[in-house]
Each structure stands twice: as structure tokens, then as C-alpha cells.
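It should be emphasised that the depicted structure is a prediction, and the values quoted were computed from it without experimental measurement. Values below: every heavy atom of this structure, side chains too, minus hydrogens, waters and symmetry copies.
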Amino acid sequence: MIVCRLCGSSAMAGVVDLGATPPCELFLTADRLDQPEQTFPLHLRVCTDCWLAQLPPLITPEDTFTEYAYFSSYSTSWVEHARRFVDGLTLFPDSFVVEVASNDGYLLQHVAERGVRCLGVEPSANVGAAAVEKGVPTLTEFLSPEVGRRVRAEHGPADVVVANNVYAHIPDVVGFTQGLRALVADDGVVSIEVQHLLTLMELNQYDTIYHEHFQYYTVASAQRALASGGLTLVDVELLPTHGGSIRLWARPEGEPSSRVADVLEREKAAGLHDISGYVNFAARVAKVRRDLLRFLVDAAEAGKSVVGYGAPGKGNTLLNHCGIRPDLLAYTVDRNPYKHGRFTPGSRIPILPPESIEADKPDYVLILPWNLRDELVEQLSYVRDWGGRLVFPIPRLEVVE
């Protein structure tokens, strides 16, 4: 029986079933193309007692994050986002900042540059090594209550604990939150950024549903999750990152701000605090799939060439759910050299360096990391030189002239 990982209830309602796909970050090397791939069901459910949307824990974090293919610093807009965040912190010479899931030091490098003591807690040894090269001390560990207590005992309590784009990636919500509480000082603050289920539902962002994302938060369900580990949600910010995120500010003690109440009211009005907001999502997902497939088939029959830009995890949900293969998308490109020469899981589309687009001059470029739209429209402005056009599949199919 599938039960809620936050409250233990068995009252789970289906939201959307995307079939079965491989884990989205297991990019294939050429020598694995003739080998079978393991796939797992991708069925999003919501607990009708605490309203945490979630996937069953069919894979473990160790399957994905021991060696990780995603390096945050390859997104210039994300590095700038991190710099602005650090600039907004009140830090002193004796402050201590810890980031959990610190990746390649994209954020803590800005803390280190200010001469402030910091530590990254990053489970992926390969991206953690890149952080160390930037001068960011990094501990290779998954956060747990025990690790949090050990870091606190060795380094002292943290004035600021940051956890960006990781709160969805951990199946043990309660234990991870207890780890955050162990790290932070009694008068310190925890900042968490995570995709907002409200915008995921409103803007059809179903490609962000994949096995590495174990849960999908409203402010209401995040408030309950934080409380389970001894933290109180005191403020929230709505952010445009990743198509629509929430920045949660939590403390060991405190009272929620008026902004928390405002967002809770928006979620309630959208039906996300009861079943009404979830019932039509599957139909909207099906339309996204039909529209994209119709475009790609029509382009192929017209003799038009289509390639992709980016190889993000979300792109693999989209490619596999739509059944897109190299006959419809010749290849995709990515700025991350780690992915060059590899193939997307399931769909097995080749991943090439970005220079391939200018060399081949395709008619269309399908943008898979649509959340970086402004950044990529500027980066790919040269596609217009030969009459090429950019295609965005989400929230609805759009061909940019």
C-alpha cells in the first residue's frame, strides 16, 4: 500500500499518470545503447489528508546523486540569482553559512568571496570537487539528523542554512528537515527554494515531474513538512525561477508573516487545499503532448529539421511521455561537457555541443529547459540569421518568430 511520506495516511488520490520512464539523469553512453534500461512508474498522487503531492520512492537518492550530471554554474542566470541572494543576506565577519546540496559552489562562492566562513554539504563527489576548486569547503554527505549534528559539533551552529532545489529530492522529508534544524542556530534562519505546485498546475509544467522529485509543495504542505522537523515557516517569497518557485524562510521559533497568509489564500482559491484543483490536470497534460507531437510530425513531413536545446532532467520526462525519438528530434545540445557524446535516457537522442546548431542551421530548435526562456532567447538569437525559429513546448506550444 502506498502511504503519504509526511503524515502516513493511505488516502492517496491520483493526479496524473505519465506511464513508466527511466530515471531522468541516467544519461546513456554509446556502449550502453544495446543494453536494456530499467523504467519506473511515474504516477503523481496527492495525499488528501495533508495535501502533499508525491511520487512513491521507487529510486533512492544514491541512485542519482552519488555522481550527478547537473552542474549549476552552467546556467549564468542561476549563478546571478545566487549572487543576488547572497548580496541580500545580512552577514558579519564571524557569520557561518551552510548550503545543503551545494552542487558546484554556484552560491557559496559568493559567500567565500566576502570572506565569510561557509560549508557546502553535497552528496555528489564529482560536482563537490568542482566547488572545492572554487575555494568552497565541501563535505560529501547526504544530510540527515546525524550529519547535521556532526557538522554543528565540528563547525558550530549556522547563522544561515540554504537548501535550494533539494527539498523535493529527498524521500525522508521529516529526517531531512530535522537535519536542517540540527544545522541552524536557535536564532538563525533556514532558506529553502523549491518549485511551487501552484505554478506547476496552472502552467502545465508536468515535465518537472520525475523520479528524482519525490514531492511537490504548496506553501501549506511545506509548512507542515517544516513543522515535522522542528521549524516554523515565518515568511515566503514567490520567485520566477524554474517556472515558478517559492522561497521559504523558516526559524526554530517565530510567527508566519502576512505574505504566508496571502499565498495560502491563493492556493486555497486555486483548489489546492482540496481535490478540486487536481481533477483536470491530466487532461491539460494530454493536450500538451498532442500539440507537441502534431508539430513535430508536421515538421518531419514537410522536410523541416528540428533539433533540441538543453538536456535537463525535465526534458526527459517530456521526451519519454511524448514518445519522441531521433526521427522527430535529430539531437539536442547542452553546455555541459559531461553530457556530450551521451544519449538521453529512454528516448536515446544524441547530446552534442552547442556549436552543432550553428553548423547545421536547423529550421527549428525545441527548447527543453523552457524555464530559462529569457536567457536562451538571447543566447540563441543567432538562429534567426538563417530563418530558424525557437519552439517552446510548455505551458503551451509556441513557435517564436
Side-chain angles (χ1 to χ4, degrees), residues 16 18-28 37 39-40 42 44 55 59 64 68-72 74-75 77-78 165 168-169 195 200 203-213 216 241-244 285 288-293 295-296 299 306-354 356-357 362 364-377 379-380 383 390-400:
V16 65
L18 301 176
T21 70
C24 70
E25 293 290 348
L26 294 185
F27 294 93
L28 302 172
E37 286 180 85
T39 63
F40 301 88
L42 197 55
L44 181 68
L55 297 175
I59 65 172
T64 300
Y68 198 33
Y70 179 73
F71 289 70
S72 296
Y74 283 110
S75 170
S77 62
W78 185 242
N165 299 316
H169 288 82
Q195 188 182 24
L200 186 156
L203 300 179
N204 303 324
Q205 298 167 349
Y206 81 92
D207 57 341
T208 58
I209 300 169
Y210 44 82
H211 301 104
E212 290 82 352
H213 281 174
Y216 304 79
T241 52
H242 297 285
V285 166
V288 171
R289 178 178 181 269
R290 290 194 303 269
D291 289 348
L292 178 56
L293 278 174
F295 167 79
L296 291 173
V306 186
V307 305
Y309 186 95
K314 64 168 63 72
N316 293 321
T317 292
L318 183 73
L319 294 172
N320 282 292
H321 177 245
C322 294
I324 296 168
R325 301 293 183 266
D327 62 318
L328 296 179
L329 192 70
Y331 60 81
T332 192
V333 305
D334 200 273
R335 292 179 65 188
N336 185 349
Y338 176 89
K339 299 179 182 179
H340 297 167
R342 297 179 183 245
F343 297 79
T344 57
S347 55
R348 302 185 171 212
I349 292 169
I351 305 171
L352 305 179
S356 301
I357 290 180
Y364 299 102
V365 179
L366 177 67
I367 306 299
L368 296 176
W370 46 260
N371 54 297
L372 301 177
R373 177 171 181 145
D374 293 343
E375 176 182 340
L376 295 182
V377 165
Q379 283 184 16
L380 295 169
V383 172
L390 307 183
V391 181
F392 291 88
I394 288 175
R396 62 193 62 82
L397 187 75
E398 182 181 358
V399 181
V400 178

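- Annotation: the span from Leu26 atom CG to Glu212 atom CD amounts to 7.0 Å, rounded to 0.5 Å.
- Within the 4.5 Å cutoff, the side chain of Ser77 has no heavy atoms near those of the Asp374 side chain.
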Please lay out, stage by stage, how Val399 and Phe295 fare under the test side chain to side chain contact (heavy atoms under 4.5 Å, CB included). CA-CA 10 Å; Val399 181; Phe295 167 79; 4.0 Å; yes
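- Heavy atoms only, all atoms of each residue included: His321 and Arg289 are closest at O-NE, 2.8 Å.
- Rounding to the nearest 0.5 Å places NE2 of His242 at 6.5 Å from NZ of Lys314.
- With contacts defined as side-chain heavy-atom distances shorter than 4.5 Å, the pair Leu318/Pro393 qualifies.
- Side-chain contact between Glu375 and Trp78: absent, with no pair of heavy atoms (C-beta onward) separated by less than 4.5 Å.
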Could you check Ile351 against Thr344 for side chain to side chain contact (heavy atoms under 4.5 Å, CB included), going step by step and ending with a plain yes or no? CA-CA 7 Å; Ile351 305 171; Thr344 57; 4.1 Å; yes
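- Side chain of Lys339 to backbone of Phe27: no donor-acceptor contact under 3.5 angstrom is found.
- Remark: Arg335 CZ to Gln379 CD distance equals 5.0 Å, nearest 0.5 Å.
- Considering all non-hydrogen atoms of both residues, Gly244 and Gln195 come closest at O-CG, 3.6 Å.
- Nearest heavy-atom pair across Tyr206 and Cys322 is OH-SG, 3.8 Å.
- To the nearest 0.5 Å, the span separating CG on Leu42 from CG on Leu55 amounts to 5.5 Å.
- Formation of a donor-acceptor pair under 3.5 Å by the Asn320 side chain with backbone atoms of Pro345 is found in this model.
- Taking CD1 of Ile209 as the start and CG of Leu44 as the end, the distance is 4.5 Å to the nearest 0.5 Å.
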Thr332 and Leu319: side chain to side chain contact (heavy atoms under 4.5 Å, CB included), yes or no, with the steps? CA-CA 11 Å; Thr332 192; Leu319 294 172; over 6 Å; no
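- In plain terms, the two heavy atoms of Val307 and Pro362 that are nearest each other are CG2-CG, 3.6 Å.
- A distance of 6.0 Å separates CG of Leu366 from CG of Leu329, quoted to the nearest 0.5 Å.
- Between the side chain of Tyr331 and the backbone N or O of Ser356 there is at least one donor-acceptor pair closer than 3.5 Å.
- In this structure the side chain of Thr208 never reaches within 4.5 angstrom of the side chain of Thr317, judged on heavy atoms.
- The shortest side-chain heavy-atom distance between Asn316 and Tyr210 does not fall under the 4.5 Å cut-off.
- Between Tyr309 and Leu372, the closest side-chain pair of non-hydrogen atoms is not below 4.5 Å.
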Give the C-alpha distance, both sets of side-chain angles, the deciding distance and a yes or no for side chain to side chain contact (heavy atoms under 4.5 Å, CB included) between Val365 and Ile357. CA-CA 8 Å; Val365 179; Ile357 290 180; 4.1 Å; yes
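- By the neighbour-count criterion of 12 heavy atoms within 6.0 Å, atom CZ of Arg396 is sparsely surrounded, having that number or fewer from other residues, nucleotides or ligands.
- The shortest side-chain heavy-atom distance between Leu328 and Leu293 falls under the 4.5 Å cut-off.
- Of the possible polar contacts, one joining the His211 side chain to the Phe40 backbone as a donor-acceptor pair under 3.5 Å is found.
- Pro326 and Arg348 make their closest contact through CG-O, 3.7 Å (heavy atoms, listed as atom of the first residue, atom of the second, distance).
- Using a 4.5 Å cut-off on side-chain heavy atoms (C-beta onward), Thr241 and Asn165 make no contact.
- Closest of all the heavy-atom pairs between Ile324 and Ile349 is O-CD1, 4.0 Å.
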